**Q** 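Pasting a structure below so you can have a look.
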There are 2 protein chains.
Amino acid sequence: MPWEKSFKESVVIEQAMEVFWEKGYAATSISDITDATGIKRGSLYNAFEGKHDLFVRGLLKYGYDRRTSNLRMLETVDDPREAITMFFNSLVKATLDDPDKKGCLLFNTALEYSSHDDDVKQLVTDGIKEIVTFFEGRIRCGKELGVIPDSVDTRPTAKALVALVVGIRVLGRGAFGRTALRQVAQQAIDMIS
Amino acid sequence: MPWEKSFKESVVIEQAMEVFWEKGYAATSISDITDATGIKRGSLYNAFEGKHDLFVRGLLKYGYDRRTSNLRMLETVDDPREAITMFFNSLVKATLDDPDKKGCLLFNTALEYSSHDDDVKQLVTDGIKEIVTFFEGRIRCGKELGVIPDSVDTRPTAKALVALVVGIRVLGRGAFGRTALRQVAQQAIDMIS
DNA sequence: CACCGTATTGACCGATCGGTCTAAACACCG
DNA sequence: CGGTGTTTAGACCGATCGGTCAATACGGTG
């Protein structure tokens, strides 16, 4: 190998993902990405297949770094009800702390649906299914441990919780302020109480 | 007035709005609109200020035709709890019936946030506030009539219901099927039962 | 008919789009 | 040192972007 790359692919993917996250896929140009990364156009196309490829890899990285790893961590919390509470609290916190109001890349992508190929749609569906499964698992576990009432209907509740997550993320981009977001989160927690 | 326009502005706005709805603002080109309407480029710019103007007017029309008028109608229903139920049922039905999975223009716009000017953001915020107000009014009325329990916390519940509406519309674009959407809608109705 | 004023049309604008390609820069090998 | 293979830099590509404009078509008025 005669010459090393001057950049790490994973770093460029992360930076490009941030741009897609902020502006959306359709509104992001290659020039936006070269500006944000400092990578020249030719180098970028030498390392990646193109805009679509870059986006998919960014979406995957986002999925792991900000969703999967977080859910796995929460699954280690002893009290499943507490895990769900923590999930919503950190969700609201993350939404309020973001000055750019970027929302969630996964859901942003879900609403740019028609701009994307089937592989991206599949990633979105899988990501959402992952959250549903998390809630289902925690609710089921909580019922076994007696910290969540048996009257809670596991699967419908899990799906409704995901819908509330989507709502928080979308409305948190501008329409709802901190009070409203916290009220919604509290209602979510009340659903399993 | 020597010569009449060959098209009705309101019809063109409606058609353009459909395109924006389906593809999103950033991904829609003027050519897409001229193709969809049959209006030539020059005529379009003679009648409207430009892409942004056309979008805003479409968003306003959408807001009235598909939201405001519907909410006003539901407010005439005797039983407020039934009105909310009807709202969610027709929401799910509309989501399932749409073969293009366009979702809701208002929420789609909410997630294209950074692509838009402040006036569009304001329209989105106003539209969402309108739905919150509708739910608040119906819940309050329902509590007075005794068809909604006093234990329901009016304002947080109204906001959570809106979050669920957003969730249904977003997830209905692909991630959730009819069963899941109906389960979420049922959970929404259960929140006021 | 001529004239006026608006609507329509399609060519046209510079800018930017995603993507390509060549030539120079470079680290390794002999 | 001269090859060799990869990365880099940036000029360049045709296509398309949102928007403009001058020429033309037309109805109303004298």
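Predicted model only: the values in this text are computed from it and were never measured. Letters A, B, ... mirror the listed sequences (proteins, then strands); counts begin at 1.
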**Q** Do the ring planes of A:Phe135 and A:Phe87 sit parallel (below 30°), tilted (30 to 60°) or perpendicular (above 60°)?
**A** perpendicular
**Q** Using a heavy-atom distance cut-off of less than 4.0 Å, which residues of residues 22-38 of chain B contact DNA chain C?
**A** none
**Q** Is any side-chain N of the basic residue among A:Arg57 and A:Asp53 closer than 4.0 Å to the acidic one's carboxylate O?
**A** yes
**Q** Heavy-atom nearest nucleotide on DNA chain D for B:Lys51 versus B:Ser43: which residue maps closer to 5'?
**A** B:Lys51
**Q** Can you tell me if B:Tyr45 touches the phosphate of D:dT20, counting only side-chain N or O atoms and a distance under 4.0 Å to OP1 or OP2?
**A** no
**Q** C:dT20 C1' sits how many Å from A:Glu49 CD, rounded?
**A** 15 Å
**Q** Looking just at side-chain N and O atoms, do A:Gln122 and A:Asp126 make a donor-acceptor pair shorter than 3.5 Å?
**A** yes
**Q** When the distance from CZ of A:Phe48 to P of D:dT7 is rounded to whole Å, what number comes out?
**A** 12 Å
**Q** Between A:Leu44 (CG) and D:dG10 (P), how many Å, whole number?
**A** 15 Å
**Q** Which part of the nucleic acid, if any, lies within reach of B:Gly42 when heavy atoms closer than 4.0 Å are counted: base, sugar-phosphate only, or nothing?
**A** base
**Q** NZ of B:Lys8 versus C1' of C:dA7: gap in Å, rounded?
**A** 16 Å
**Q** Write down the atom of B:Ile33, the atom of B:Ala16, and the distance for their closest heavy-atom approach.
**A** CG2-CB, 4.0 Å
**Q** Counting only distance, no hydrogens or angles, is the base of C:dG10 paired donor-acceptor with the side chain of B:Arg41 under 3.5 Å?
**A** no
**Q** B:Asn46 has a side chain; which of C:dG19, C:dT9, C:dA7 sits nearest to it?
**A** C:dA7
**Q** Is the backbone of A:Tyr64 close enough, under 3.5 Å, to the side chain of A:Ser69 for a donor and an acceptor to pair up by distance?
**A** yes
**Q** Students often get this wrong, so: under 4.0 angstrom with heavy atoms, is B:Phe7 touching a base, only sugar-phosphate, or nothing?
**A** sugar-phosphate
**Q** Between B:Glu14 and B:Arg66, is there a salt bridge with N-O shorter than 4.0 Å?
**A** yes
**Q** Separation of B:Asp53 atom CG from D:dG18 atom P, in whole Å?
**A** 15 Å
**Q** Less than 3.5 Å apart, which donor and acceptor atoms pair up between the side chains of residues 184-193 of chain B and the rest of the protein, not counting sequence neighbours?
**A**
residue	atom	partner	partner atom	Å
B:Gln186	NE2	B:Asp190	OD1	3.0
B:Ser193	OG	B:Arg81	NE	3.4
B:Ser193	OG	B:Arg81	NH2	2.8
B:Ser193	OG	B:Ile189	O	2.9

